[in-house]
Amino acid sequence: MGDIAINTEAYKAILDLSDKYAADLKNQIDLRTEEMKSDDKSHYLIYKVLGVSDKEGNLIDLYQNKGRFLYKYAGAFLEEAAMYCIKYKYPEAVKSKIPNTVGARPKTFEIDCLVGDKALEIKWRDATTDGDHITKEHTRVKVIKENGYIPIRVMFYYPQRLQAQKIQETLETLYKGIGGKYYYGDYAWNYIKEFTGIDLLEILKQIATSRNI
């Protein structure tokens with residue numbers, strides 16, 4: 001782990017961050033699981049009508065709740081880990097807000113990470129199928145460009161549903177058409193590695209292996 005891409009300091013910091021998120025996630029799931037024991041289960045009648053047993057219905061409800069927490073914490077963790085890598089190389093990197101110069105709403109747009117003239121949006125994944133998302137992104141990217149920054153989208157996991165993929169294809173065209181950059185999947189991991197000198201993917205693989213699960 002002596003290589004700068006997987007240096008000990010970065011590994012330890014991201015491991016500590018993952019431990020914190022894992023503990024918080026477990027706490028939230030345990031709390032919600034306990035709360036669900038006293039939930040009204042009268043809707044199980046409809047489950048039965050549709051051929052789903054009480055036992056299976058309970059598991060579905062439980063894992064639906066677990067899933068919501070897992071997606072929230074997975075996204076927040078990966079985005080913070082990526083931010084750590086960027087700030088490790090560029091301590092001046094900051095979150096920032098810029099005024100909306102092309103419309104009334106919203107009044108400002110947030111930039112996840114501003115490094116020099118690079119305005120990065122960091123997403124663990126984006127599964128939206130909402131067409132309004134494109135309109136908002138079009139305005140946001142245009143505002144970023146007008147403020148003298150290069151809009152860069154970094155998304156680690158590409159959505160699997162066709163409609164969500166079409167939204168991403170439109171966003172990629174939008175970013176590139178205005179002189180920005182759009183990285184997803186392997187390209188996103190490689191961009192963080194090349195931009196920061198830290199191989200975040202390899203660090204996460206090592207942490208996952210250490211979990212022994």
Side-chain angles (χ1 to χ4, degrees), residues 10 13-14 17-18 20-21 24 28 68-159 161 163-198 200-201:
I14 294 172
L17 185 66
S18 71
K20 176 184 179 298
Y21 272 92
D24 289 347
Q28 288 287 344
R68 284 193 301 109
F69 287 124
L70 177 58
Y71 298 151
K72 174 184 175 182
Y73 278 81
F77 162 70
L78 182 50
E79 289 161 20
E80 189 171 341
M83 278 295 297
Y84 167 84
C85 294
I86 295 169
K87 288 184 71 68
Y88 183 91
K89 180 68 178 289
Y90 307 97
E92 72 279 10
V94 293
K95 273 187 177 289
S96 182
K97 287 187 177 181
I98 55 176
N100 185 349
T101 55
V102 300
R105 293 186 178 181
K107 290 184 177 181
T108 62
F109 285 101
E110 185 171 88
I111 297 174
D112 289 340
C113 184
L114 190 60
V115 185
D117 64 350
K118 297 177 176 63
L120 284 79
E121 181 180 18
I122 301 169
K123 295 280 188 184
W124 89 292
R125 68 176 184 178
D126 186 356
T128 184
T129 57
D130 184 0
D132 289 342
H133 186 59
I134 295 176
T135 302
K136 183 178 179 182
E137 275 297 287
H138 184 274
T139 303
R140 196 182 74 86
V141 171
K142 186 176 180 182
V143 168
I144 289 172
K145 183 71 172 179
E146 286 190 356
N147 276 268
Y149 302 119
I150 302 169
I152 300 173
R153 185 176 177 88
V154 181
M155 185 174 66
F156 296 100
Y157 294 102
Y158 207 68
R161 303 283 81 82
Q163 184 59 32
Q165 290 177 354
K166 288 180 178 179
I167 295 288
Q168 294 306 313
E169 288 170 3
T170 301
L171 291 179
E172 182 175 6
T173 300
L174 170 63
Y175 269 78
K176 291 182 176 179
I178 206 164
K181 304 290 184 181
Y182 183 105
Y183 302 99
Y184 66 90
D186 290 342
Y187 300 106
W189 296 109
N190 288 335
Y191 176 75
I192 292 296
K193 180 179 178 180
E194 292 172 7
F195 187 52
T196 70
I198 294 176
L200 177 59
L201 179 59

Inter- and intrachain pairs under side-chain hydrogen bond (donor to acceptor under 3.5 Å, both in side chains), touching residues 112-123, at least two apart:
Glu121-Arg140, Glu121-Arg153, Glu121-Tyr175
Closest heavy-atom pair and its distance - [X], [Y]:
X      : Y      : value
Gly180 : Ile150 : CA-CG2, 4.2 Å
Ile134 : Leu171 : CA-CD2, 4.3 Å
Tyr84  : Ala10  : OH-CA, 3.6 Å
Cys85  : Ile192 : CB-CG2, 4.2 Å
Ala81  : Ile14  : CB-CG2, 4.4 Å

Can you check side-chain contact (heavy atoms from CB on, under 4.5 Å) on Ile152 and Tyr191, steps first, answer last?
CA-CA 11 Å; Ile152 300 173; Tyr191 176 75; 3.6 Å; yes
Check the pair Ile111, Lys97 against side-chain contact (heavy atoms from CB on, under 4.5 Å), reporting the backbone distance first and the verdict last.
CA-CA 6 Å; Ile111 297 174; Lys97 287 187 177 181; over 6 Å; no
[Y] and [X], any side-chain heavy atoms less than 4.5 Å apart:
X      : Y      : value
Leu78  : Ile122 : no
Thr196 : Tyr88  : no
Trp189 : Tyr183 : no
Glu92  : Val115 : yes
Lys107 : Asn100 : no
Cys113 : Lys95  : no
Val143 : Ile98  : yes
Tyr184 : Phe156 : no

Is Asp186 atom CG crowded by more than 12 heavy atoms from other residues, nucleotides or ligands, each under 6.0 Å away?
no
Flag yes if more than 12 heavy atoms outside Lys87 fall under 6.0 Å of its NZ atom; otherwise flag no.
yes
With no hydrogens and no angle check, is any side-chain donor or acceptor of Gln168 less than 3.5 Å from a backbone partner on Tyr158?
no
Phe109 and Thr139: CA distance, side-chain angles, deciding distance, side-chain contact (heavy atoms from CB on, under 4.5 Å) verdict:
CA-CA 9 Å; Phe109 285 101; Thr139 303; 3.8 Å; yes
Can the ring centroids of Phe77 and Tyr73 be said to lie less than 6.0 angstrom from one another?
no
Taking atom [atom1] of [X] and atom [atom2] of [Y], what is their separation to the nearest 0.5 Å?
X      : Y      : atom1 : atom2 : value
Arg161 : Ile167 : CZ    : CD1   : 14.5 Å
Leu174 : Glu172 : CG    : CD    : 10.5 Å
Leu120 : Ser96  : CG    : OG    : 12.5 Å

Restricting to ring-ring contact (aromatic ring centres under 6.0 Å, His included), what partner residues turn up for Tyr71, sequence neighbours left out?
none
Counterpart residues, salt bridge (charged side-chain N to carboxylate O under 4.0 Å, His left out), relative to Lys142 (two or more places apart)
none
Walk me through whether Ile86 and Phe195 qualify under side-chain contact (heavy atoms from CB on, under 4.5 Å).
CA-CA 8 Å; Ile86 295 169; Phe195 187 52; 4.2 Å; yes
